[in-house]
Amino acid sequence: MPTPYNHKEIEKKWRKYWQENPVNVNDGKKPKYYCLDMFPYPSGSGLHVGHWRGYVISDVWSRYKLLNGYYIIHPMGWDAFGLPAENYAIKMGVHPRVSTAENIATFKKQLEDISAIYDWDMEVNTTDPEFYKWTQWIFVKMFKAGLAYQKEMPINWCPSCKTGLANEEVVNGECERCGTPVTKKNLKQWMLRITKYADRLLEDLNKLDWPEKVKKMQTDWIGKSYGAEVDFEVQGSDKTIKIYTTRPDTLYGATFMVLAPEHAMVSELTKPEQKEAVEEYIQKALMKSSVDRMQDKEKTGVFTGSYAINPLTKKPIPIWISDYVLADYGTGAIMCVPAHDERDFDFAKKFGIPIIQVISKDGKEVPELNEAYTEPGIMINSGEWNGMDSETAKKEIPDLLEKMGIGKKTVNYKLRDWVFSRQRYWGEPIPIVHCEDCGPVPVPEEELPLLLPDVEKYEPTGTGESPLANIHEWVNTTCPQCGKPAKRETNTMPQWAGSSWYFLRYVDNKNDKELVSKEKAQKYLPVDMYIGGVEHAVLHLLYSRFYTKFLKDIGVVDFDEPFIRLFNQGMIVKNGAKMSKSKGNVVSPDDLVRDYGRDSLRLYELFVGPPELDSEWDDRGIDGVYRFLNRFYNLVMDNKDKTVEPTQEMIKLRHRFVHDITTRLENFSLNTVVSGFMEYNNKMIDLVKKAGGIDRDTLETAIILLAPFAPHISEELWAQMGHDTSVFKNTWPTYDEEMLKDSEIEIAVQINGKTRGTVMIPADASKETAINKAKEVLAGKISGTIIKEIYVPGKIVNIVVK
RNA sequence: GCGGAUGUGGCGGAAUUGGCAGACGCGCCAGACUUAGGAUCUGGUGGGCGACCGUGGGGGUUCGAGUCCCUUCAUCCGCACCA
């Protein structure tokens, strides 16, 4: 009868031990390794097994690095500003500060169940004034650097959250948070000039060891394009219209022009007879929600009555207005080449505008174009450019246009400045005072933090004003510059503000003089490994990179990328869906911790599937890893006191064990690491059956290898082996390449590529030996003439017959 | 529409550079021990009676393809009138 493995007692014992004897200590000599989790928003519903996954991955990686001799920075904190706490306050009348504190307490307790090596001395909380003091400080620095500015413009507005949103927060025309279709609202907003960093944000992606997918998403979001601006004269006027195009090679084919409805020149270009139609169209266009605007691919438009002159053909072309042209990209006006642009083609077809081909596949015009030809080709109908290759023309024409004085080479970005104001309560107050004489004046740095005052009512006003606007004693203040009565800015910052830099603060979280000291920043930053979900690919991860670059520019840190390596773990799904309360498919870790223990749950979190992919949770699956731990426990307990001389077989097994676990771990193939443990455990059990025991070195090596994954049981077994120090005081085992080799190996024997058996041959067998041995195995199975004999050393013998 | 990922037993998933497909685990079947078994242990488990057939489908390259090439389908994700 095997000894039952008592996970409850063992885990209790070692959790207490670690509290009293931390295993991750900074002796000042070890190199640092900063392994960071994306810090959670402490919601009221607590953690489920999906949350555990990323935290287990990062803890396994941290402990592995610990065993490799690093001092691990593995902190945890709270991204605690945000709407749920505020909505809860509105509903229940509980101050967000109170509910947030409660949620943090719950979360912390649940997180501690993972038994990760978090350093809770480093804990940060974005809603702590000592923390948001520095969030505000960064804003002030940005303001002083001209990177924070105010602008009145139509912004994305969520009618349900009653607040403005950044572009990044609008997903398919809907609010990222609540799914309500986003509308436009004209508001005076604080903006951050992230576009100033567009090129650096794009270029520096090359430096990063990040998933290609995320790099691609950021590249696309920044959306750099190369093209030209061209001036078109307005017929019968001295005005010109500037357009942006990425296809200057098609300029001869421009047969009309379209302006965005919001374009500044619309009214002056509109002829009296078209006035009514134009105004009606613009009215309609502005009413459209972004969802409608995205879904309606059917082209609409209205003619202004005016004409522009194509600068090359000198022919007049009509100027139209249409909402398929975006006001805030390029110049808000385009030249239209229906023959070579799908959208222009649709528009021209609908409104009967001439289509002139200027790029051809083979130098010849197509009799009737059924769709736009958007490929490169040979230029036709293009005056002196005829016969040129369009790709070459694309590069050369902008310079020609510049010489002609009608255009120039330009680049454009899809990235927009960051709308930074939120009309909500539970966020960092923007530290600005509005003075009639001095304009917006930052709160002096020494007066930070500017505390978020308590309010009676948290409800967003819905008018575009923050609930803070009602607290007169707070709003009314004096100008820090001239001392006259002035009013405070009442908008708050978006939730991203704190998360854009929190990772810098962990390593110096009690510093009241600086955001982070130079010394600590140099010693402990940046983050070596960042682990979290992919959902922040263009939000948090882009903002953090922007903040870091700015902080480098003002000398706070000396690196310009915050996260050297990024790993996105997949979701845990149940019944094919992401775990959520509303779907009722949430699996709580609490019962599993009770019934199977933390070690089992940690292993199973890894065993469910490849860490980078979504994995289906199977409640029964955890039995497998639990049984494995039991068997391993009993293997060690039954054999620890035997004195067994290691056989060659045992030594080889040990080296292979180390090799397999290490390479799989290095490749982040954590699911196969767990299966590897099971495999080798089975092999060790077989060996014991055969040899009556197993050597001590192999058992101890196995325990050390398992330690990052199942730390409690490993500590226990390490102690059972007779040690009185932690298993984490060891260094990660190494292996000898030579020991991985065998002198005799089994290879497959095939006829015509189909396996017909196996044969044992010496590893260094000659082709002749191998093939002769193989033929013995095949005996009479070969029929026909042998036309070829193939031997791939170490792999296979293949006899080709006819 | 564009871009990306994925597709392998009843299920989750393994498989350096092309080289014994299905490791490991769940489940299932049989047996052992038991008053009992939803515990534990042992054995078995892709399909087909079979020669053989099998990695979403169809082609191709190769002595040999889950892996490479072409094509096609399905699911998921990202972007979506960016000129």
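To find a chain, count down the sequence lines: A is the first, B the second, and so on, and within it residues start at 1.
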With a 4.0 Å cut-off on heavy atoms, is [X] in touch with a base, just the backbone sugar-phosphate, or nothing at all?
X	value
Asn682(A)	sugar-phosphate
Glu679(A)	sugar-phosphate
Val608(A)	sugar-phosphate
Asp346(A)	nothing
Glu342(A)	nothing
Lys578(A)	nothing
Lys414(A)	base

Think Lys788(A) has a side-chain N or O under 4.0 angstrom from the OP1 or OP2 of C63(B)?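 Yes, Lys788(A) has a side-chain N/O under 4.0 Å of OP1/OP2 on C63(B).
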
Strictly below 4.0 Å: does Arg664(A) bring a side-chain N or O up to OP1 or OP2 of U16(B)?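 For Arg664(A), the contact criterion (side-chain N or O under 4.0 Å from OP1 or OP2 of U16(B)) is not met.
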
Does a side-chain N-to-carboxylate-O contact under 4.0 Å join [X] and [Y]?
X	Y	answer
Asp591(A)	Arg594(A)	yes
Lys767(A)	Glu789(A)	no
Arg602(A)	Glu605(A)	no

Let's see if you get this right: which residues in residues 217-225 of chain A place a heavy atom under 4.0 Å from RNA chain B?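 Met217(A), Ser225(A), in order of number.
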
U6(B) pairs with, by Watson-Crick or G-U criteria that keep both distances under 3.5 Å: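 A74(B) is the nucleotide pairing with U6(B).
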
Under a 3.5 Å distance rule, please check whether Asp209(A) uses its side chain to pair with a backbone N or O of Leu566(A) as donor and acceptor.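 Checked: no pair found.
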
Can you pull the side-chain hydrogen bond (donor to acceptor under 3.5 Å, both in side chains) pairs that have at least one residue in residues 673-685 of chain A, sequence neighbours excluded?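 Sorted result for residues 673-685 of chain A: Asp660(A)-Tyr680(A).
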
Can you tell which of [options] lies closest to the side chain of [X]?
X	options	answer
Arg756(A)	G19(B), C52(B), A83(B)	C52(B)
Val325(A)	C52(B), G13(B), A83(B)	A83(B)
Arg627(A)	C26(B), C79(B), A23(B)	C26(B)
Thr758(A)	A80(B), G64(B), C20(B)	C20(B)
Arg620(A)	G27(B), A15(B), A83(B)	G27(B)

Closer to the 5' end of RNA chain B via nearest nucleotide, is it Ile334(A) or Ile622(A)?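 Result of the comparison: Ile622(A).
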
On RNA chain B, does the nearest nucleotide to Asn752(A) precede the nearest nucleotide to Ser675(A) from the 5' side, or the other way round? Give the residue.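 On the 5' side of the pair lies Ser675(A).
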
Relative to the ring of Phe351(A), is the ring of Phe347(A) parallel (under 30°), tilted (30 to 60°) or perpendicular (over 60°)?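 Plane angle between 30° and 60°, so tilted.
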
